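To keep things clear, I will list the structure first and then write my remarks on it.
Protein chains get the first letters and strands the later ones, always in sequence-line order, with residue 1 at the start of each. Small disclaimer: the values here were computed from a predicted structure and weren't measured.
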4 protein chains.
Amino acid sequence: ARDAGTGAEAEWRGRLDTLYARVRGDTEALAAPLSAEDQTVQSMPDASPTKWHRAHTTWFFETFILKPNLPGYQVFDEDFGYVFNSYYEAVGPRHPRPSRGLLSRPGVAAVTDYRAHVDLAMHALIKVRERDVADLVIMGLHHEQQHQELLLTDIKHAFSLSPIDPVYCEHERAPETTTPVAPVNWQPLEAGIHEIGWREGDEAFPFCFDNELPRHEALIRKVAIADRPVSNGEFMAFIEDGGYRRHELWLSEGWATVNRLGWEAPAYWRRDEDGWSVFTLHGRKRVDPNEPVCHVSWFEAAAYAQWAGHRLPSEFEWEFAAACLPAGDALPDGPRPHPERLRPGMRQDVWEWTMSPYSPYPGYRAQDGAIGEYNGKFMINQMVLRGRSCATPAGHDRISYRNFFPTDARWQFSGIRLATDL
Amino acid sequence: ARDAGTGAEAEWRGRLDTLYARVRGDTEALAAPLSAEDQTVQSMPDASPTKWHRAHTTWFFETFILKPNLPGYQVFDEDFGYVFNSYYEAVGPRHPRPSRGLLSRPGVAAVTDYRAHVDLAMHALIKVRERDVADLVIMGLHHEQQHQELLLTDIKHAFSLSPIDPVYCEHERAPETTTPVAPVNWQPLEAGIHEIGWREGDEAFPFCFDNELPRHEALIRKVAIADRPVSNGEFMAFIEDGGYRRHELWLSEGWATVNRLGWEAPAYWRRDEDGWSVFTLHGRKRVDPNEPVCHVSWFEAAAYAQWAGHRLPSEFEWEFAAACLPAGDALPDGPRPHPERLRPGMRQDVWEWTMSPYSPYPGYRAQDGAIGEYNGKFMINQMVLRGRSCATPAGHDRISYRNFFPTDARWQFSGIRLATDL
Amino acid sequence: ARDAGTGAEAEWRGRLDTLYARVRGDTEALAAPLSAEDQTVQSMPDASPTKWHRAHTTWFFETFILKPNLPGYQVFDEDFGYVFNSYYEAVGPRHPRPSRGLLSRPGVAAVTDYRAHVDLAMHALIKVRERDVADLVIMGLHHEQQHQELLLTDIKHAFSLSPIDPVYCEHERAPETTTPVAPVNWQPLEAGIHEIGWREGDEAFPFCFDNELPRHEALIRKVAIADRPVSNGEFMAFIEDGGYRRHELWLSEGWATVNRLGWEAPAYWRRDEDGWSVFTLHGRKRVDPNEPVCHVSWFEAAAYAQWAGHRLPSEFEWEFAAACLPAGDALPDGPRPHPERLRPGMRQDVWEWTMSPYSPYPGYRAQDGAIGEYNGKFMINQMVLRGRSCATPAGHDRISYRNFFPTDARWQFSGIRLATDL
Amino acid sequence: ARDAGTGAEAEWRGRLDTLYARVRGDTEALAAPLSAEDQTVQSMPDASPTKWHRAHTTWFFETFILKPNLPGYQVFDEDFGYVFNSYYEAVGPRHPRPSRGLLSRPGVAAVTDYRAHVDLAMHALIKVRERDVADLVIMGLHHEQQHQELLLTDIKHAFSLSPIDPVYCEHERAPETTTPVAPVNWQPLEAGIHEIGWREGDEAFPFCFDNELPRHEALIRKVAIADRPVSNGEFMAFIEDGGYRRHELWLSEGWATVNRLGWEAPAYWRRDEDGWSVFTLHGRKRVDPNEPVCHVSWFEAAAYAQWAGHRLPSEFEWEFAAACLPAGDALPDGPRPHPERLRPGMRQDVWEWTMSPYSPYPGYRAQDGAIGEYNGKFMINQMVLRGRSCATPAGHDRISYRNFFPTDARWQFSGIRLATDL
Ligand SMILES: [Fe+3]
Ligand SMILES: [Fe+3]
Ligand SMILES: [Fe+3]
Ligand SMILES: [Fe+3]
C-alpha cells in the first residue's frame with residue numbers, strides 16, 4: 001500500500017522519521033537538567049515555563065498535523081487546546097500568556113505522556129501520509145527548534161532572578177585565556193541592487209518561514225561591515241565612558257527606558273568590588289572580555305553604535321554580507337547555553353540587531369488559515385535580528401532567517417555587529 | 001538541673017516531643033497530595049507556594065529556637081535565611097513576597113531534607129533544654145498551624161485559577177441532603193462590663209498570641225447574636241435580591257471594590273444555566289444551600305448585614321458570646337478542606353467577620369525582639385475575624401483568638417454571623 | 001400669610017439669611033486670590049479644583065434644598081448635576097472624581113453666575129419656607145465650610161507641585177521668635193464611664209453631623225494627655241534620630257508606605273544646606289520649630305508616638321479631655337492658610353490624629369435618602385482626627401466633631417497630640 | 001556690513017519680519033476662542049495645555065535664537081527654562097510632560113506678556129543680525145506652526161472628554177450635501193529608482209527639517225495609489241462588516257489594543273439610535289460619509305487596508321506619487337478645525353498613514369547641539385504619515401515632509417490612503 005517499497009519514498013520517510021526523532025529528543029535533552037519545579041515557573045509575561053514549551057510544541061503537531069491528517073487520531077486531552085495554544089486566534093480562546101506560571105497541572109509527567117502519545121502518532125503519520133505532509137512536519141520541527149532556544153533563554157531569565165544563582169549545567173570549556181580578540185576588520189560590500197530573501201530550490205537551506213519571502217531586490221549602498229560582533233571588552237569601554245549616562249547617545253525612548261529600568265550594563269551583569277560578574281546558565285562568573293557582548297537591547301546596540309561613530313547594518317546589508325563573506329571557524333553545534341569566545345566570521349554565537357524594523361517584504365502574503373498567524377501578525381514595532389546564537393539548534397539557522405524582538409528585549413542572546421558608511 | 005529522670009520533667013518533654021512530631025507531621029500530610037509543581041506556584045502576592053510554607057515554618061524553628069538555644073547547631077543552608085524569612089525586618093533582608101513563586105529552587109526534595117534536619121535538632125533540643133524553651137516551641141507549633149491553614153487556602157486559590165479544575169482530594173462526605181438548615185435563633189447577651197482577652201492560667205487554652213493580651217474590661221451593650229452563621233441559601237437570597245447591584249447596601253470603598261473587581265457572588269462561585277457551582281478543594285460542585293457561606297470579604301459581610309437589617313457583632317460581643325453560649329455539635333477535627341453543613345453553635349467551620357478593626361488592646365505591648373513583629377505591626381487597616389474554620393488545625397482555636405484580614409480579602413474560609421441591637 | 005410679622009420668626013429668618021450670606025461670602029473670599037487658571041487645576045484624585053468646590057457646594061443647595069423645597073425653582077443648568085455631584089449614588093451618575101481637572105468648562109465666570117443664581121433662590125427660600133428647612137440650610141452651610149477647608153488644602157497641594165513656588169497670599173505674621181515652646185504638661189483624665197457624642201440641646205454647638213450620634217457611654221482608662229500638639233522642633237528630633245529609617249518604629253503598612261513614597265519628613269518639607277524649608281500658602285519658608293508639626297500621615301503620627309514612648313489618644317479620650325481641659329488662648333478666626341505658633345490648650349491649629357478607626361457609634365443610623373451618604377458610607381479603613389485646624393472656618397468646630405482620613409493622607413493640616421497610659 | 005540700506009537686504013529683513021509677525025499672530029488667533037481655563041487643562045500625557053504651547057514656542061525663540069544671538073537680551077524669567085523646555089536634554093532638566101496640566105502659573109496673562117517680550121526682541125534681532133540667523137528664525141516659525149496644529153488637536157482631545165460637548169468655534173460650512181464622493185481612481189506609478197527627500201534649492205519649498213535629508217535613491221515597485229483618502233462612508237462599511245471584531249484583519253498588537261481600549265470606531269465617534277455622531281471642534285454632529293475618515297490609528301489604517309484587499313503605501317511611494325500626480329482642488333488655507341468633504345488629489349485635509357517605520361534616511365546626520373534633538377532621537381517605534389491635514393498651517397506642508405506618530409495614536413487628523421500592488 002502506498003508504495004512504501006520504492007527506494008526514494010522509503011528514503012524521505014526514513015530521513016523525516018529520524019529528523020523528527022532527533023529534534024524531539026533534543027527538546028527532552030534540554031529539559032533534562034531541570035526539575036519539575038524548574039519546569040513550572042514563569043518569570044515574566046514574555047517567558048514561558050519549560051513544561052509549557054514541551055507541551056505547546058507537541059500541541060502544534062497535534063493541532064496542525066495530526067488532527068487534520070491522521071484519520072482516527074485520538075486527541076490526548078481536549079483541555080490542552082486551551083492550555084497550550086500560544087497565540088492562534090483562529091484556533092480559539094486560550095489561557096492568558098502572563099498566567100502560564102500559575103498552572104501546576106498538567107504536570108511534568110503528564111507532559112511527558114503527552115509527548116509520547118503524539119510522537120507515536122507522528123511516527124505513524126510519517127509512515128503513511130503522502131509527501132505533502134512532510135512540509136508541515138518540517139515546519140513543526142523548525143517551530144520546535146525555536147522553542148528550544150526560548151526554553152534556554154526563558155529558564156536563564158527565571159534563574160537569574162533567584163538569590164541563590166542556580167546552575168543549569170556546569171561549564172566544560174577551557175579556562176579563560178588572556179589572548180585578546182583581534183581588532184575588527186571592516187569588510188566593504190559591493191554597492192548595487194542585490195537579491196534578498198530565501199531562494200527557491202536552495203539546497204543548503206531547503207526550508208524557510210514565510211517572512212523570508214518573496215525574494216526581491218534591494219538597494220545596497222556603499223558600506224563596510226565588521227568581521228565580528230562587539231566584544232564584552234569593547235562594551236566595557238562604552239560603559240566606562242559613561243555610555244549609560246549620556247543622553248546624547250540614545251534615542252529618546254531608549255533614554256527613557258534606561259532611566260525607568262535603571263540599566264547600567266547588559267542584562268545579567270553585576271558590578272562588585274572586583275569588576276563585572278555575569279549570571280550564566282553555568283552559574284555566576286567573571287565577565288570574559290573576549291566573549292561577544294550579549295543580552296543587550298536594540299536601544300543599547302544603537303547607543304553603542306552611536307558612541308563608536310558607526311551604525312547598525314540594515315538586514316539587507318547583513319544578508320548580502322553573509323552571502324559574500326566567510327562564515328568563520330565552525331562553532332560547536334547548538335543549542336548550547338553560553339557563547340564561545342569571539343572569532344571572525346558571519347556565523348556567530350549571538351544574534352545581531354539590525355537597523356531594520358520588522359516589516360513585510362514587498363509582495364509578502366501570510367499563509368492561509370491559522371498557520372498564517374505564525375509570523376505576519378507580528379510585523380510592527382519590532383526590530384530584525386540576523387544570524388543565530390549559541391542557543392540556536394543545529395540546522396535551524398540560515399542567512400535569510402529573520403528573527404525579531406521589541407527594542408527593549410534583552411533576554412535573548414542578542415549582540416551587536418557594526419557597519420559603517422563608506 | 002537537667003534532671004531528666006524525674007517523672008514530671010520526663011512527662012512534659014515527652015508530651016512536647018509528641019506534640020512537635022504530630023504538628024510537623026500534619027503539615028507533611030497536608031502537602032502530600034500536592035506534586036512538586038503544585039508546591040511551587042504562587043497565585044497572588046498574598047498567597048505562598050506550599051513548599052515555601054513548609055520551609056518557612058522550619059526556618060522559624062531554626063532561627064528563633066535552634067540558633068539561639070542549641071549549642072553547636074549547624075545551619076542547614078545560610079541562604080535560606082534570605083529565602084524563607086517572611087516579614088521579620090529585625091532578622092534582615094528577604095526575598096520579596098510577590099516573587100516567591102519565581103523560585104524553583106530550593107525544590108521540594110531540598111525542603112524535605114531541610115525539615116528532617118531541623119526536626120532532628122528540635123527533638124534533641126527538647127530532650128536537653130530547660131522548660132523555658134517549651135513556650136517558644138509551642139509558639140513555633142502554633143505558627144506552623146497557622147501556615148497549615150494558609151497552605152490549604154493558598155493552594156485552593158491557585159487551583160481555582162486553573163481552567164481544568166484540579167482536585168486536591170476527593171470528598172468523602174455523605175451525599176447532599178435536602179433537609180434545610182434551621183432558622184436562626186437569636187441569643188441575647190447580658191449587657192454590662194465584661195472581661196475580654198486571654199486569661200492567664202486558662203487550662204483549656206494554655207497558649208495565646210500577644211495580640212490577645214492584656215485581658216481587659218469591655219462594655220457590652222444590649223445585643224443578641226445569631227446561633228449560627230449565614231448559610232449559602234440565605235446568601236443566595238441576597239444575590240437574587242440584587243445585593244451586588246444596590247449601592248445603598250455597601251460602604252463606599254466596598255461598592256468601588258465590587259465594581260472594580262466585578263464581584264457578583266462569593267469567591268469561587270460561578271453561575272451557569274443550572275444555577276451556582278463553586279470551586280472547592282474537592283473539585284467543582286453545586287453550591288449547597290445548607291453549608292455556611294464562605295469566601296466572602298468583609299465588605300460583603302457588611303453589605304449582607306445591612307440588607308438583612310442587622311449588623312456584624314463586635315469582637316468583644318463575639319468573645320463574650322463564645323464564653324456564654326454553647327459551642328455546638330462537635331465538628332470533625334481539622335484541618336479539613338471544606339466546611340460541613342451548618343448546625344447551631346459558636347464553634348463553626350468558617351471564620352466570622354466582626355465589625356471590629358484590628359487594634360491593640362489597651363496596654364498592649366509587643367514582645368521584644370524580632371518575635372515582636374509577629375502580630376503587632378499589622379494592627380491597622382484590617383478587620384478582626386473570630387472563631388475558626390474547617391481549615392484550622394485541631395487544638396489551634398480558642399475563644400480569645402484574633403484573626404485579621406483586610407476588608408477585601410476573600411481567599412480565607414471567611415463567613416458571616418449576624419448580631420442585632422435589642 | 002406665613003406670619004412673617006412675628007418677631008421670633010423674623011429673627012431666625014434674619015439670622016439664617018445673614019449666616020447664609022456670610023458663609024457663602026467666605027468661600028468667595030478664599031477663592032479671590034486664585035486666578036481662573038488656579039481654580040481649574042486638580043493635582044491628585046483626592047483633591048478638587050477650586051471652581052469645582054465653589055460649584056459643588058452650590059449644587060448641594062440646589063439639589064437637596066431648592067429643588068424639593070422651593071416651588072417654581074428653575075435649575076440653573078441640567079448638566080451640572082452630572083458635573084458637580086461628588087459621591088451621591090442616589091442622585092445619579094457623575095463625572096469621575098480623578099477627572100475633575102480635565103474640565104475647563106463650566107469656567108470660573110459660569111460658576112460665579114451659578115452661585116449668584118442659587119444664592120438669590122436661597123434668600124427667597126429662607127424668607128418663605130417653614131422652620132424645618134432651616135436645619136437643611138444649616139447643614140448645607142456646614143458642608144460648604146468643610147469644602148472651604150478642602151479648598152485651601154487642595155490648592156496648597158497643587159501649588160506645592162509647581163517648580164516656581166506660587167504664593168497664595170503673603171504672610172502678615174510677626175517675624176519668627178526664638179522663644180521656644182514650653183515643654184508638654186501631661187493632663188491626667190478621670191477614669192470611668194463617660195458620655196461621648198453630640199449632646200441634644202447643646203447650646204454651644206447647635207448642630208452636628210450624623211456620625212457624632214448617638215451619644216453613648218465609653219470606658220475611659222487611666223491616661224494622661226499632652227496639653228499641646230507636637231512641635232516641629234520635636235519632630236525634627238525624631239527625624240534626626242533616624243525616625244524614618246528605623247523599621248521598628250513603624251507598622252508594617254506604614255513602613256511599606258515610607259519606602260514606596262520615599263518619605264523622609266512631613267509633606268512639603270525639603271532639606272537643603274541650611275536645614276529644612278517648607279512650602280506653605282505664603283510661599284516657601286524655613287521650618288519654624290515652634291509651630292505644630294503638620295501634614296503628617298497617621299503612619300507618621302503613630303511612629304512618632306512609638307519613638308516618644310507614648311501613644312495616640314483614642315477619640316473618646318480626646319473628646320473627654322476636650323470637655324474637661326482648657327481650650328487655650330483664643331487663636332485668630334479661621335479659615336487661615338497657616339498654623340500659628342504653639343500654645344497650650346485643646347483647641348489648636350492642626351487636626352490631631354487619634355488611634356481610633358472611624359467606625360459607627362453604637363446604634364448609629366445614617367439619615368434616609370441621598371443625604372445619608374454624607375458620612376456613613378465612609379466608615380471603614382480611615383482613622384479619626386479630632387479638633388480643628390487653622391483652615392477650619394470659624395463656627396465649624398466642636399468637641400464632638402469627627403474628622404477622618406486614610407492612614408497615608410498628608411495633605412490636610414494634620415498633626416499629633418500624645419497620650420500616655422498611667 | 002549691516003548695510004541695511006541696500007534693497008536686497010531690506011527686502012529679506014522685511015519679508016522675515018512680516019512672516020514672523022504673521023505666524024506668531026496665527027498662534028494667538030487660534031488661542032483666542034479659548035478661555036484661561038481652557039488654556040490650562042491637559043487631557044493626557046501626549047497633549048499639552050494651550051498656554052504651554054504658546055509659551056514653549058516662545059521659549060524656543062528665546063533659547064535658541066535670542067540668548068545666543070542678541071547681545072544684551074534680557075531673559076524674561078529664568079524659571080521658564082525649566083517649565084517650557086519640552087524635551088531638549090542638552091538644555092537641562094525640565095518639568096515632567098505628564099504634569100504640564102498641574103501648573104496654573106505662569107498664567108495666560110503672563111504668557112501673553114512673555115510672547116510680547118520675545119516678539120519685541122525678535123523684531124530687533126531681525127533688524128540687525130546677519131542673514132545666517134534667518135534660517136534659525138524660519139526654523140522657529142516652522143516649529144511654531146507644528147505647535148499650532150497640536151494646539152488644535154490637543155484642545156479637541158480635552159474637549160472630547162467633557163460631558164457637555166464644548167464648542168471651539170461654530171461651523172461656517174455649507175450644509176451637508178447628498179452627492180456621494182466619487183469612487184477611487186487608481187493611479188499607477190512608474191517603477192524604478194527615484195530620488196526621494198528634500199531637494200536643495202527647491203524654490204517651492206525653501207525649508208526642510210533634517211529628517212527629510214539627505215535626498216537619496218529609492219526603489220519603487222509596480223504599484224498604483226488611490227487618488228483620494230478613504231471616506232467616512234467607506235469606513236462605516238468596514239465597521240458594519242465587523243471590522244473591529246475580526247482578529248484576522250489586525251496585527252497582533254493592534255488586536256490587543258482594540259480589545260484593551262474597547263475601540264469600535266474612530267476616535268470621537270459615538271453610536272446612538274440614529275447611527276454615528278462625532279465630536280468635532282464645532283461641537284457634536286452626524287458623521288458625514290463624504291468627509292475623509294480621520295482620527296484613526298495606524299493599526300486601524302492597516303486593518304482597513306487588509307479588509308479592503310489592498311495595503312498602505314510606503315512613504316517613498318507616497319512622495320513619488322505626490323511629485324507626479326495632481327495636488328487636487330485647492331483647499332482653503334489652514335489651520336482649520338475640521339476637514340472639508342473629499343475631492344480627488346494628493347493634497348488633502350487628513351494626514352495619511354504609510355507602511356513605513358520612521359527611520360533615518362541613508363546617511364542621515366542630526367544637527368549638532370540641542371537642536372539636533374528636534375527629530376533624530378524619535379526615529380524608532382513610530383510610523384510615518386505624509387501629506388498634511390486641515391489643521392496644518394498654510395505654508396507648512398511639502399511633499400518631502402515626514403510626520404510621525406506611534407501606531408496607537410489617534411488624536412491627530414490622521415486618515416488612510418490605499419495603494420495596491422500591480
Ligand atoms: Fe510556538
Ligand atoms: Fe509565618
Ligand atoms: Fe461635598
Ligand atoms: Fe516643540
Under 4.5 Å to a heavy atom of chain B? For A/Val83 that would be side chain
Taking every heavy atom of B/Ser43 against every heavy atom of A/Leu102, the minimum-distance pair comes out as CA-CD2, 3.8 Å
Check your understanding: Are any of the side-chain heavy atoms of B/Pro163 and A/Leu103 separated by less than 4.5 Å?
Key -> yes
**Prompt:** Mind checking whether B/Ile164 and A/Asp79 have side chains closer than 4.5 Å, heavy atoms only?
**Reply:** yes
In this structure, CG of B/Leu161 is separated from NE2 of A/His95 (nearest 0.5 Å) by 8.0 Å
Given the options A/Ile155, A/Val41, A/Thr50, B/Ser104 meets side chain to side chain contact (heavy atoms under 4.5 Å, CB included) only with A/Val41
Is the backbone of A/Val167 close enough, under 3.5 Å, to the side chain of B/Arg105 for a donor and an acceptor to pair up by distance? yes
Taking everything shown except A/Glu264 itself, do over 12 heavy atoms lie less than 6.0 Å from its CD?
no
### Query
If we only count heavy atoms from C-beta on, is the B/Gln39 to A/Glu37 side-chain gap below 4.5 Å?
no
When the 4.5 angstrom heavy-atom criterion is applied to A/Pro49 and chain B, the contacting part is neither
Of the listed B/Asp38, B/Leu34, B/Thr40, the one with the largest count of heavy-atom pairs under 4.5 Å with chain A is B/Asp38
